Each structure stands twice: as C-alpha cells, then as structure tokens.
Amino acid sequence: TDEVAVYDGTDINKFVIKEATGSYATFNGQVTEGSDEFLALYPYQEGLSYNTSVGYRTSILAEQRVAKGDSVDTGALMAMAHAKRNEEGVVQFAFKNVCGLIEVTIPESGKISSVVISSNGEEKFAGEGTVKLDENGLPVFTPGANAVGSVTLLPEGETFDKGNYYAVVAPVKFETG
C-alpha cells in the first residue's frame with residue numbers, strides 16, 4: 001500500500017492510497033484542524049521529522065532490492081510536493097522527484113549477485129539527510145553526517161536476470177568519477 005507523509009504545519013500525518021488512475025492518485029488521511037498549507041513526502045517513512053529550516057529528516061536507501069528486469073526499488077523513489085487548500089477545501093499535490101536514477105545493464109542472467117555504485121571522491125548520495133523545497137519549489141536533498149557515497153543493488157532472488165536496473169541516488173556532481 002502506498003503511503004504519503006503530509007506535514008500540516010503542526011504534525012506529520014500518514015495518508016494511504018485510496019485509488020490510482022494513470023498519473024493521478026487519491027489518498028485518505030487526516031490533518032490538524034484549520035490547516036491550509038501542506039508539504040507532502042512520498043513514500044511515508046516511520047520516524048520522519050520535519051523542521052521548517054531544514055525540511056524533512058529522511059533517508060535514501062543505501063541498499064536497494066530490485067525486481068526482475070527494467071526495475072527500480074520503488075521504496076527508494078522519493079518525491080515531494082507543496083499545496084494549499086483551495087476555495088472548495090480540496091488539496092491537490094503535484095509531486096516532483098527528489099532523486100535521480102543510475103541505469104545498470106546486466107548482460108547475462110545468473111552471474112551477478114549485487115552491484116555497488118560508489119563515488120571516487122567525497123560525494124554523498126544516499127543514507128540520512130534532509131529534503132526541502134528550494135525557492136523555485138524544487139526538492140533538494142542535503143546529505144547528513146551519516147550519508148554515504150555508495151548504493152548497493154540486490155536482486156529479488158540469488159542473482160540478477162539479464163536486463164536494465166536502476167539505482168536511486170541523490171542528484172550530485174561526481175567531481176572525480
């Protein structure tokens with residue numbers, strides 16, 4: 001079940017998907033009475049906190065399990081949105097991706113049991129950090145003290161099948177590769 005965290009200015013509330021059609025989804029949940037402005041983070045994570053100066057304290061998974069072929073760990077995909085309640089009392093979010101993807105191609109089935117993507121430098125692109133919207137309304141992930149410079153992809157089974165797989169990472173510029 002897909003869940004979204006919604007900060008209402010007071011509390012972080014869990015919203016659960018009710019129905020989805022194409023690129024639209026309806027979520028159910030409750031917010032603090034009188035709240036009119038909201039920040040949403042997908043997916044919901046237990047233990048989330050929100051601070052107006054740094055944003056959501058969250059994490060990009062450093063170990064990601066991917067399904068067979070042309071796949072990504074959907075639990076690692078992160079998106080954020082801001083919305084205000086309209087005159088009819090409706091809140092509509094337009095989520096923007098927080099992370100980027102690195103494509104990995106596995107040429108043969110049954111030979112590779114994990115893939116590690118790491119930085120040659122000091123870049124941190126997974127693990128703990130914060131995410132907030134910048135002045136243009138775009139989400140920005142800032143690595144925290146315990147962030148890491150590697151992501152490990154694992155297959156659903158013992159080894160990867162031939163195909164393309166995607167690692168979810170914070171957008172960073174790799175200065176030394």
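Treat the numbers as computed from the prediction; the structure is a model and nothing was measured.
- Residue Tyr50 forms a side chain to side chain contact (heavy atoms under 4.5 Å, CB included) with just one option from Thr52, Leu48, Val54, and that option is Thr52.
- With rounding to the nearest 0.5 angstrom, the NZ atom of Lys132 is 13.5 Å from the CG atom of Leu138.
- Across Thr159 and Gly110, no two heavy atoms sit closer than the pair OG1-CA, 3.1 Å.
- Both Val6 and Val91 sit in one connected hydrophobic cluster of ILVMFWY residues. Membership requires side-chain heavy atoms under 4.5 Å apart, directly or through other members.
- In this structure the side chain of Val151 reaches within 4.5 angstrom of the side chain of Phe125, judged on heavy atoms.
- Defined by atom type and a distance below 3.5 Å, a donor-acceptor pair is missing between the side-chain atoms of Asp73 and Gln64.
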Verdict with supporting geometry, Leu101 and Val72, side chain to side chain contact (heavy atoms under 4.5 Å, CB included): CA-CA 9 Å; Leu101 300 175; Val72 64; 4.0 Å; yes
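- Not one N or O on the side chain of Tyr165 forms a donor-acceptor pair closer than 3.5 Å with the backbone of Leu154.
- Side-chain contact between Val104 and Ile117 is present, with at least one heavy-atom pair separated by less than 4.5 Å.
- Side-chain contact between Tyr56 and Met80 is present, with at least one heavy-atom pair separated by less than 4.5 Å.
- Between the CD1 atom in Ile112 and the CD atom in Glu158 there is a gap of 15.0 Å [rounded to 0.5 Å].
- Rounding to the nearest 0.5 Å gives a distance of 12.0 Å between CG of Asn28 and CD of Glu3.
- Contact of the Thr21 side chain with the Glu19 side chain is registered, since non-hydrogen atoms from C-beta on lie closer than 4.5 Å.
- Closest heavy-atom contact between Ser150 and Ser118: CB-CB, 3.7 Å.
- Judged by distance alone, the side chain of Ser114 and the main-chain N or O of Leu153 form no donor-acceptor pair under 3.5 Å.
- Taking OH of Tyr42 as the reference point, atom CG of Asp2 lies at 3.5 Å (rounded to 0.5 Å).
- Two residues are said to be in side-chain contact when any heavy atoms from C-beta on lie closer than 4.5 Å; Glu123 and Glu175 meet this criterion.
- For the pair Leu133 and Val140, the minimum side-chain heavy-atom distance is 4.5 Å or more.
- Classification of Lys68 and Asp161 as a salt-bridged pair holds, one side-chain N sitting under 4.0 Å from a carboxylate O.
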Side chain to side chain contact (heavy atoms under 4.5 Å, CB included) assessment of Phe174 paired with Asn120: CA-CA 8 Å; Phe174 291 97; Asn120 288 334; over 6 Å; no
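- The two residues Ala81 and Ala94 make their nearest non-hydrogen contact at CB-O, 3.6 Å.
- Between the side chain of Ser119 and the main chain of Gly121, a donor-acceptor pair closer than 3.5 Å is present.
- In this structure the side chain of Phe38 never reaches within 4.5 angstrom of the side chain of Tyr7, judged on heavy atoms.
- Between Val131 and Thr58, the closest side-chain pair of non-hydrogen atoms falls below 4.5 Å.
- Rounded to the nearest 0.5 Å, atoms OG1 (Thr26) and NZ (Lys18) are 6.5 Å apart.
- Asp8 contributes a side-chain N or O that, together with a main-chain N or O of Thr10, makes up a donor-acceptor pair within less than 3.5 Å.
- We find the CG-CZ distance between Leu41 and Phe93 to be 11.0 Å, quoted to the nearest 0.5 Å.
- In summary, of the residues considered (Leu61, Leu77, Val168), a side chain to side chain contact (heavy atoms under 4.5 Å, CB included) with Cys99 occurs for Val168 alone.
- Closest approach of Lys124 to Pro143, counting heavy atoms only: O-CG, 3.4 Å.
- The closest donor-acceptor contact from the side chain of Asn51 to the backbone of Ser53 lies under 3.5 Å.
- Taking every heavy atom of both residues into account, Ser59 and Gln45 meet most closely at O-NE2, 3.4 Å.
- Using a 3.5 Å distance cut-off with no hydrogens or angles, the side chains of Asp70 and Tyr166 do pair a donor with an acceptor.
- For the residue pair Ser113 and Pro155, the shortest heavy atom distance occurs at O-CD, 3.1 Å.
- A 6.0 Å sphere centred on CD of Gln30 holds no more than 12 heavy atoms belonging to other residues, nucleotides or ligands.
- With sequence neighbours left out, the salt bridge (Lys or Arg N to Asp or Glu O under 4.0 Å) criterion links Glu33 to no other residue.
- No chain of hydrophobic side-chain contacts below 4.5 Å, direct or via other Ile, Leu, Val, Met, Phe, Trp or Tyr residues, connects Ile102 to Phe141.
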Val31 and Arg85: CA distance, side-chain angles, deciding distance, side chain to side chain contact (heavy atoms under 4.5 Å, CB included) verdict: CA-CA 12 Å; Val31 295; Arg85 190 180 306 272; 3.9 Å; yes
Stepwise side chain to side chain contact (heavy atoms under 4.5 Å, CB included) test for Val66 and Phe160: CA-CA 9 Å; Val66 292; Phe160 284 99; 3.5 Å; yes
